[in-house]
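In what follows, a single structure is set out as structure tokens and then discussed.
None of these values were measured; they are calculated from a predicted model.
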Amino acid sequence: MTMRACAAVGMVTAILALLAPSGARADMVGHGAMVNGIAVSPDGLQLLSASWDYTLRLWDLPRQRELKVLDGHTASVNAVVFLPDGKSAFSASWDHSIIRWNLASGKPSGHLKGHLNNVAGIALSRDGRWLASASWDRTVKLWNVAASRMEHSFEGHEANVMQVAFAMDDRQLVSVGYDRSVRIWEIASGKELAVLNGHETSVNAVAVTPDGKSALTGSTDGAIKRWDLVARRETGSLPGHSGFITSLAISRDGRYALSGGGDQLMRLWDLREGRQLKQFAGHEKPVWSVAFTPDGKHAVSGGYDAVIKVWSLETGALVKPRN
């Protein structure tokens, strides 16, 4: 592009900004492709987003401003989690690797290697001691965070494993995958404890309640199922989505859940009453990642449209950035 053309583009941008209505807000835009995963920091002040553009981005969440671009993966980034101190994070990628990040510098501080295919999902234990990963190599792996060492490889899934979550006071793992199953693993022994069947198509998402005793799973056919992990049985469903389920999250108090799907909607559920409270429409393509803020007042969604949005759970409206 010539200098004259650049100047013209800049002038048009400036004019549009002046013509924009007072109080107008911009979505959190910066990624060049789908936002595949998001995580809110423990203090609620920062957001990390993972994208198919091979990068992660660190955001000032209240101001909805980009702080850093974290560049280190060589393929699409699928998932991200903060460590409990909020100063470090892990990300998982199609490049078969898991990277640990120093968020102050924005640089990798370590790598976890052992998967033989796409690492689709990761989860961190509450104390930050263990990291679990789910891969298309059909395994779930458990990593010692302090030692950067793999402790167990859990084998049993018959197809791609999509997501994993800690359960039962971090003594068990729950994993889901393309083989339509929900599997429960014992961390100490590496033993498979149960295979829960009920989904009719591939299972893409899992979230566990804070007490570790119940789980939600979401499937390609739009079904969200509820499970009792103690009794190891299905206890109900949350019907409503008309497209595939991509992501699930449960609030810190265990009362509410979020779901994102191919119908371009994020939905808020009351888990005590088993009903939908709100639906959030604004993305132009499927909602691919969802998260609660720690205070339970807001939700964040990331979409196939490469946009991140912040929502008020009370009003259902988009939240304007703070000055």
Side-chain angles (χ1 to χ4, degrees), residues 37-42 48 50 78-86 88-92 98 100 112 114-115 119-135 139-157 161-177 181-196 203-218 224-232 247-259 271 289-292 294:
I38 53 176
V40 180
S41 62
L48 271 168
N78 299 317
V80 61
V81 293
F82 276 94
L83 269 71
D85 64 5
S88 302
F90 283 103
S91 61
I98 300 166
R100 181 169 181 166
L112 302 178
H115 282 295
V119 187
I122 50 177
L124 194 71
S125 63
R126 289 175 297 176
D127 60 6
R129 182 183 177 188
W130 304 106
L131 182 80
S133 55
S135 173
T139 72
V140 173
K141 297 187 186 300
L142 182 73
W143 307 85
N144 182 313
V145 170
S148 297
R149 181 181 65 239
M150 185 176 68
E151 297 288 348
H152 287 300
S153 183
F154 304 87
E155 299 182 7
H157 277 284
V161 190
M162 292 300 294
Q163 284 192 12
V164 62
F166 284 86
M168 304 298 287
D169 295 323
D170 293 344
R171 291 181 287 107
Q172 296 177 8
L173 293 171
V174 182
S175 60
V176 298
S181 72
V182 179
R183 294 176 187 252
I184 303 175
W185 311 87
E186 184 177 61
I187 289 176
S189 67
K191 179 183 178 182
E192 183 179 86
L193 298 177
V195 180
L196 308 180
V203 192
N204 307 316
V206 60
V208 173
T209 54
D211 65 8
K213 298 179 180 179
S214 303
L216 298 177
T217 56
I224 300 174
K225 292 185 179 293
R226 307 181 68 171
W227 304 90
D228 181 330
L229 298 179
V230 178
R232 299 174 187 169
S247 53
L248 294 164
I250 296 176
S251 61
R252 281 189 171 184
D253 61 7
R255 174 72 187 271
Y256 303 103
L258 292 168
S259 58
L271 293 181
S289 48
V290 298
F292 285 96

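- Minimum interatomic distance between H157 and S175 (heavy atoms only, all atoms of both residues): NE2-OG, 2.7 Å.
- Nearest approach of A205 to Q163, heavy atoms of both residues: CA-OE1, 3.5 Å.
- Closest of all the heavy-atom pairs between V81 and A39 is CA-CB, 4.2 Å.
- Taking 4.5 Å as the limit, some side-chain heavy atom of F292 sits within range of a side-chain heavy atom of Y256.
- Side chain of H152 to main chain of S189: no donor-acceptor pair is present (N/O by atom type, distance under 3.5 Å, no hydrogens or angles).
- Of the residues V145, L142, L83, the one that meets the side-chain contact (heavy atoms from CB on, under 4.5 Å) test with L131 is V145.
- Taking the side chain as every heavy atom from C-beta outward, I187 and R171 never approach each other to under 4.5 Å.
- With sequence neighbours left out, S153 forms a side-chain hydrogen bond (donor to acceptor under 3.5 Å, both in side chains) with K141.
- Within the structure, every pair that satisfies the salt bridge (Lys or Arg N to Asp or Glu O under 4.0 Å) test and touches residues 181-191, not counting sequence neighbours, is listed here: D179-R183, R183-E192.
- Using a distance-only test at 3.5 Å, with no hydrogens or angles considered, a donor-acceptor pair links the side chain of D211 to the main chain of K213.
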Exercise. List the steps, then state whether side-chain contact (heavy atoms from CB on, under 4.5 Å) holds for V161 with S135.
Key: CA-CA 5 Å; V161 190; S135 173; 5.8 Å; no

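- Heavy atoms only, all atoms of each residue included: L229 and G212 are closest at CD1-O, 3.7 Å.
- Residues S148 and L112 form a side-chain contact, since some pair of their non-hydrogen atoms from C-beta on lies under 4.5 Å apart.
- The nearest pair of heavy atoms linking G86 to P42 is CA-CD, 4.0 Å.
- No donor-acceptor distance shorter than 3.5 angstrom exists from the side chain of E151 to the backbone of N144, with no hydrogens or angles considered.
- Listed by chain and number, the residues in a side-chain hydrogen bond (donor to acceptor under 3.5 Å, both in side chains) with N78 are N36, W94, N118 (sequence neighbours excluded).
- In this structure a side-chain-to-backbone donor-acceptor pair under 3.5 Å is present from D170 to R126.
- Between A257 and L216, the shortest heavy-atom distance links the atoms CB-CD1, 3.6 Å.
- Formation of a donor-acceptor pair under 3.5 Å by the T209 side chain with backbone atoms of S214 is found in this model.
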Exercise. Show your reasoning for whether side-chain contact (heavy atoms from CB on, under 4.5 Å) applies to L173 and F166.
Key: CA-CA 5 Å; L173 293 171; F166 284 86; 3.6 Å; yes

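- Taking CD1 of I122 as the reference point, atom OG of S133 lies at 8.0 Å (rounded to 0.5 Å).
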Quiz item: Which is it for V164 and W185 under the side-chain contact (heavy atoms from CB on, under 4.5 Å) test, yes or no, and what are the steps along the way?
Solution: CA-CA 10 Å; V164 62; W185 311 87; 6.0 Å; no

Self-check item: Evaluation steps, side-chain contact (heavy atoms from CB on, under 4.5 Å), between V208 and M168
Solution: CA-CA 9 Å; V208 173; M168 304 298 287; over 6 Å; no

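- Formation of a donor-acceptor pair under 3.5 Å by the S181 side chain with backbone atoms of V195 is not found in this model.
- Two residues are said to be in side-chain contact when any heavy atoms from C-beta on lie closer than 4.5 Å; P210 and I250 meet this criterion.
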